[in-house]
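Structure record follows, encoded as structure tokens.
Each chain gets a letter, A, B and so on, in the order its sequence line appears, and its residues count up from 1.
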Amino acid sequence: MGFSSRYHAAEAERRWQTYWASERVYEFNPDDSRPIFAIDTPPPTVSGDIHIGHVYSYTQAEAMARFWRMQGYNVYYPFGFDDNGLPTERFVEKRLGQRARDVGRDAFIAACLDVSREVEDRFEAFWKALGFSVDWRLRYSTIDPNARRTSQWSFLDLYRKGLVYRAQAPNPWCVECQTAIAQAEMDDTDRETAFYTLQFQIADCRLQINPDQDQSEMCNLQSAIQIATTRPELLPACVAVFVHPDDSRYAALVGHEAITPLFGRRVPILADAAVDPSKGTGAVMCCTFGDTTDVMWWREHQLPLIPLVTRQGRLSEDGSPYAGLTLRQARERIVADLREAGALLDEQATVQTVRVHERCGTPLEILETSQWFIRVLDAKAALLAAGRQIAWHPAHMHTRYEHWVSNLNWDWCISRQRFFGVPFPVWHCDACGGVVLADESQLPVDPMQTAPPHPCACGNADLRPDPDVMDTWATSSVSPQIAGQMLDNPALFERLFPMQLRPQAHDIIRTWAFYTIAKSHFHFGTIPWETLMISGHALAPAGGKISKSKSNSAVDPAALIERYGADALRYWACSGSIGADQQVDETLMKQGVRLVTKLWNAARFIGLQIADYIFQIDSDNQQSTICNLQWSDRFLLSSLQRLVAQATGQFRAYDYAAALEATERFFWNTLCDNYLEWVKGRLYDGAGMERAAAQWTLHQALLILLKLFAPVMPHITEEIYQQLFAHEESCRSIHLSAWPVPDDTLLDSEAERVGMALLALTTAARRWKTARQLSLGAELAQMTIAADDDSL
RNA sequence: GGGCGAUUAGCUCAGUUGGUUAGAGCGCUACGUUGACAUCGUAGAGGUCAGUGGUUCAAGUCCACUAUCGCCCACCA
């Protein structure tokens with residue numbers, strides 16, 4: 001074998017990936033008695049291709065998995081794909097160029113399964129090409145039978161614990177996707193709209209006139225009230241007008257009724273402190289439902305409900321004569337008619353922030369629908385407490401969780417009126433309004449295809465299957481239970497759970513992290529993992545978010561592997577600090593390539609120089625070598641022990657980036673630029689123990705540095721390790737070898753002082769030569785140095 | 001409106017519990033092919049650490065305020 005003059009990354013990386021697979025280097029062994037380190041891998045959403053952001057985030061976690069494996073843990077490293085749910089449905093709809101409801105339930109589900117499978121295989125191939133140490137036997141998807149079964153088990157468990165309920169309630173609704181959604185799935189966007197001022201007549205206003213005052217003025221003042229709105233199309237659903245209780249302009253009107261223009265509906269004028277008197281006219285109409293304030297007023301003041309907007313986003317019969325129109329059409333017509341009727345007093349363009357569905361950008365409506373909810377609002381305090389038991393890296397990300405939980409104001413709506421998801425294991429009884437749950441033995445079950453286990457308690461056997469599917473997060477929030485094989489292998493799960501690590505990006509703290517913590521709390525009263533490792537985002541080279549649709553070779557992961565190699569791409573990913581966003585920077589990838597080359601060349605040289613020593617190593621030989629270490633050897637070995645201690649501490653604190661930087665600095669500057677040059681004389685011309693001391697030192701340094709680099713650059717380190725050290729350590733792979741432990745007997749502060757003096761001497765000599773434009777190889781007649789260290 | 005981050009060399013970023021002349025890589029300038037490496041090496045130029053005020057013997061680091069940027073949340077009639 002031996003070292004060729006050049007390292008061919010593409011060939012070597014493929015070769016080692018094949019070797020790792022055939023040697024089952026990363027497979028979890030349940031019979032291994034060492035402590036387990038279980039990782040709750042983030043299953044990427046199947047909604048597009050791999051992008052550089054995935055590489056950034058996943059690689060950082062992968063390097064940590066390698067570190068813990070070398071620390072002696074029995075690493076459980078599964079990999080999942082989140083393919084069930086709306087994101088995948090939207091992706092597939094886009095591909096098919098057809099809406100799900102037009103394709104048909106069964107055909108659409110089949111298409112989703114096909115597309116998911118294809119995308120997941122591509123992802124897996126990519127992660128393998130990046131050298132991921134995943135145990136691919138543990139691959140799962142959130143639509144597979146085990147995931148569906150676990151998810152349905154979760155539902156049944158929560159139902160029995162009284163933590164899930166079905167309610168007819170106002171809830172955010174997407175008219176584009178035609179489904180209910182949860183609070184966590186809402187985004188904000190600005191849109192241009194108009195602020196309309198409408199004139200409402202006051203009912204029976206003449207009866208209110210005080211005969212002692214000027215009649216004409218009084219009548220003008222109180223015969224009408226002006227309200228400002230951005231949603232005139234909701235006028236048919238107006239159920240009240242609100243003013244602020246301290247607003248003297250309207251005080252006299254509170255308790256009376258206004259009449260909606262065009263529709264002539266009498267609605268009460270009510271006072272509520274939630275009204276902002278300075279906004280618009282200070283009087284606002286309450287519709288069912290324009291926003292969450294309307295919902296609050298509707299509840300608190302027990303107002304009637306007019307279901308104006310249909311699930312398709314059109315006006316219902318309650319909007320007659322505008323029934324059947326889309327919201328947009330209705331707005332245009334109603335505004336025009338208001339204008340004609342003289343009820344439109346003002347119209348001003350304005351920019352308004354509206355809530356939209358994060359998946360499609362469509363403004364959300366609030367509809368009263370029948371949905372399943374999980375009671376999270378009651379558990380805020382417990383969920384905050386759970387969050388505090390988890391170690392967050394970086395720590396400040398915990399604050400986001402705290403704020404999200406503290407500010408929750410909806411229970412978690414988990415039902416979706418969609419297709420590609422986990423069905424509810426439930427049949428409804430229309431006779432008594434009760435439900436029949438599936439038996440656990442039936443799971444996973446599709447109630448549309450399977451008969452209920454028994455008739456309803458009321459005797460009715462004609463049950464209606466629940467047609468909905470679960471929110472995708474309702475399933476991915478049990479990823480520790482899915483990945484940990486809770487139902488198939490409870491004994492194993494017992495050992496895996498709570499898991500040690502959840503890596504994920506910061507944008508899904510409010511969803512995946514939160515929901516997983518909630519589920520774990522509800523099911524088991526425990527936290528799901530000990531540590532949360534939160535990654536930042538990769539930013540496009542010019543700054544800003546990576547657009548998934550943009551195909552740019554500077555951010556195309558496959559092209560980057562081809563151009564720089566997996567190790568170099570990993571080097572870039574791991575140079576970004578934990579939790580910090582980082583621009584995609586090809587100069588860092590080039591730096592990674594240089595580091596790989598430098599490692600190769602240094603190893604090639606060291607390998608040659610120590611070849612005649614390696615084979616002699618035995619304890620006697622090693623002992624006498626250590627006794628003959630020179631100042632420079634002792635300097636290098638001593639500072640190496642400090643490096644090991646430092647890098648180990650940094651890895652343990654999830655600061656892989658700092659560990660990498662320190663290791664690189666030591667390797668490049670201390671070892672290559674200086675120590676190697678110092679000992680060349682001894683290596684070439686020295687003899688006996690003097691030479692052996694340098695050989696042993698180089699041997700130790702290279703082996704330890706390879707191990708410190710191994711989590712970030714698994715291929716080049718394996719390549720060198722296999723050539724020089726694998727036989728000696730009797731190890732199949734550097735990645736199964738033991739992480740170095742600092743050897744305190746090698747600490748030598750005096751030698752480090754001498755080393756610093758040697759460095760100063762070296763630098764001075766180089767500066768002197770450079771100033772005279774001499775080659776660094778030029779011989780110097782003599783050197784004197786005013787060193788303050790007389791031990792030289 | 002509230003919160004969390006960030007602001008350090010032309011660019012991308014490090015700067016640990018406050019401690020001499022603030023670092024790295026890239027880029028730039030000059031030089032050098034020395035028996036691992038030109039995908040290299042050496043040396044150099046380049047920063048009033050966003051601003052103001054404060055605490056301290058000592059502040060890039062701690063505190064307050066301000067500005068700009070990013071993200072999260074709330075409001076959004």
> When you compare B:U48 with B:A9, how far apart are their C1' atoms, in angstrom units rounded to a whole number?
Replying inline: 13 Å
>> Any heavy-atom pair between the side chains of A:Tyr656 and A:Gln650 that's under 4.5 Å?
In response: no
>> Taking B:A38 as the reference, what is the distance to B:U33 when you measure between their P atoms (whole Å, please)?
In response: 14 Å
>> Taking only side-chain N and O atoms of A:Ser577, does any of them lie within less than 4.0 angstrom of OP1 or OP2 on B:A14?
In response: yes
>> So A:Cys286, base contact, sugar-phosphate only, or nothing? Heavy-atom distance under 4.0 Å.
In response: nothing
>> It should be established whether A:Trp668 places a side-chain nitrogen or oxygen under 4.0 Å from OP1 or OP2 of nucleotide B:G41.
In response: yes
> Under 4.0 Å between a side-chain N or O of A:Thr587 and OP1 or OP2 of B:G25?
Replying inline: no
>> For B:A50, give the paired nucleotide (Watson-Crick: N1-N3 plus N6-O4 or O6-N4; G-U: N1-O2 and O6-N3; both under 3.5 Å), or none.
In response: B:U66
>> So A:Lys680, base contact, sugar-phosphate only, or nothing? Heavy-atom distance under 4.0 Å.
In response: base
> Who does B:G32 pair with, Watson-Crick or G-U, both distances under 3.5 Å?
Replying inline: B:C40
>> When the P atoms of B:G51 and B:U61 are compared, how many Å lie between them, rounded to an integer?
In response: 10 Å
> If we take the C1' atom in both B:C13 and B:G60, what is their distance in whole Å?
Replying inline: 15 Å
> Testing A:Asp411, A:Val376, A:Asn407, A:Asn409 for side chain to side chain contact (heavy atoms under 4.5 Å, CB included) with A:Gln183, which one passes?
Replying inline: A:Asn409
> Looking for any heavy atom pair under 4.0 Å, which part of the strands does A:Thr230 touch: base, sugar-phosphate only, or nothing?
Replying inline: sugar-phosphate
>> Using the side-chain heavy atoms of A:Lys279, tell me which of these nucleotides is nearest: B:U42, B:C37, B:C75.
In response: B:C75
> What is the base-pairing partner of B:G1, counting Watson-Crick and G-U wobble geometry with both distances under 3.5 Å?
Replying inline: B:C73
>> Counting only side-chain nitrogens and oxygens, does A:Lys598 get under 4.0 Å of the OP1 or OP2 atom of B:G41?
In response: yes
> Rounded to the Å, how far apart are A:His537 NE2 and B:G70 P?
Replying inline: 16 Å
>> Parallel, tilted or perpendicular, judged at 30° and 60°: which one describes the rings of A:His537 and A:His506?
In response: tilted
>> So if I take every side-chain heavy atom of A:Val275 and compare against B:C13, B:C76, B:A77, which nucleotide ends up nearest?
In response: B:A77
> Under 4.0 angstrom, heavy atoms only, what part of the nucleic acid is A:Arg6 near: base, sugar-phosphate, or nothing?
Replying inline: base
>> Is the phosphate of B:A74 approached by A:Gln183 (side-chain N or O, under 4.0 Å from OP1 or OP2)?
In response: yes
> When you compare B:G19 with B:C28, how far apart are their P atoms, in angstrom units rounded to a whole number?
Replying inline: 35 Å
> To the nearest Å, how far apart are A:Asp581 CG and B:C4 P?
Replying inline: 18 Å
>> Tell me the interatomic distance from A:Leu539, atom CG, to B:U12, atom P, rounded to whole angstroms.
In response: 11 Å
> Can you check the A:Gln591 CD to B:G25 P distance for me, whole Å?
Replying inline: 8 Å
> Which is true for A:Ser575 with a 4.0 Å heavy-atom rule: it touches a base, it touches only sugar-phosphate, or it touches nothing?
Replying inline: nothing
> Rounded to whole angstrom units, what separation is found between the CD1 atom of A:Ile366 and the P atom of B:C76?
Replying inline: 10 Å
> With rounding to whole Å, what would you report as the distance between B:A45 and B:G1 at their P atoms?
Replying inline: 48 Å
> Thinking salt bridges, do A:Glu402 and A:Arg388 make one under a 4.0 Å N-O criterion?
Replying inline: yes
>> Mind checking if A:Trp404 touches a base, just sugar-phosphate, or nothing, with heavy atoms under 4.0 Å?
In response: sugar-phosphate
> Starting at CD of A:Gln583 and ending at P of B:A14, how long is that distance when rounded to a whole Å?
Replying inline: 12 Å
>> Parallel, tilted or perpendicular: which one describes the rings of A:Trp473 and A:Tyr515, with boundaries at 30° and 60°?
In response: tilted
> Quick one: which of B:A14, B:C76, B:U39 gets closest to the side chain of A:Asp291?
Replying inline: B:C76
> If we call it a pair only when both distances are under 3.5 Å in a Watson-Crick or G-U wobble match, what pairs with B:U17?
Replying inline: none
> Are A:Thr292 and B:C75 close enough that a side-chain N or O sits under 4.0 Å from OP1 or OP2?
Replying inline: yes
> Can you name the nearest heavy-atom pair linking A:Leu724 to A:Ala603, along with the distance?
Replying inline: CD1-O, 4.0 Å
> Taking the nucleotide of RNA chain B with the closest heavy atom to each, which residue, A:Arg594 or A:Phe195, is nearer the 5' end?
Replying inline: A:Arg594
>> Considering every strand and a 4.0 Å limit on heavy-atom distances, what is the contact class for A:Leu676: base, sugar-phosphate, or nothing?
In response: base
> According to the Watson-Crick and G-U wobble definitions, with both distances under 3.5 Å, which nucleotide is paired to B:C11?
Replying inline: B:G25
> Which whole number of Å gives the distance between the P atom of B:G32 and that of B:G46?
Replying inline: 23 Å
>> Can you tell me which nucleotide in B:C71, B:U39, B:C76 comes closest to the side chain of A:Arg400?
In response: B:C71
>> Applying the 5.5 Å / 30° rule, does A:Tyr684 stack onto the base of B:G35?
In response: yes
>> Between A:Asp585 and A:Lys590 (salt bridge meaning N to carboxylate O under 4.0 Å), is one present in this structure?
In response: no
> Counting any heavy atom closer than 4.0 Å, what does A:Glu677 reach on the DNA or RNA strands: base, sugar-phosphate only, or nothing?
Replying inline: base
> Taking CZ from A:Arg604 and C1' from B:C40, how many angstroms apart are they, rounded to a whole number?
Replying inline: 12 Å
> Which whole number of Å gives the distance between the C1' atom of B:C4 and that of B:G23?
Replying inline: 28 Å
> Which nucleotide sits closest to the side chain of A:Thr353: B:C37, B:G3, B:C76?
Replying inline: B:C76
>> Can you measure A:Gln348 atom CD to B:A77 atom C1' for me and round it to whole angstrom units?
In response: 14 Å
>> Check the phosphate of B:C76 against A:Gln352, side-chain N and O only, distance under 4.0 Å to OP1 or OP2. Yes or no?
In response: no
> Cation over ring, A:Lys680 on A:Tyr675, under 6.0 Å and within 45°?
Replying inline: no
>> Go nucleotide by nucleotide along RNA chain B from the 5' end; which of A:Ala602 and A:Asp188 gets its closest nucleotide reached first?
In response: A:Ala602
>> Using the rule salt bridge (charged side-chain N to carboxylate O under 4.0 Å, His left out), only one of A:Asp612, A:Asp633, A:Asp685 pairs with A:Arg691; which is it?
In response: A:Asp612
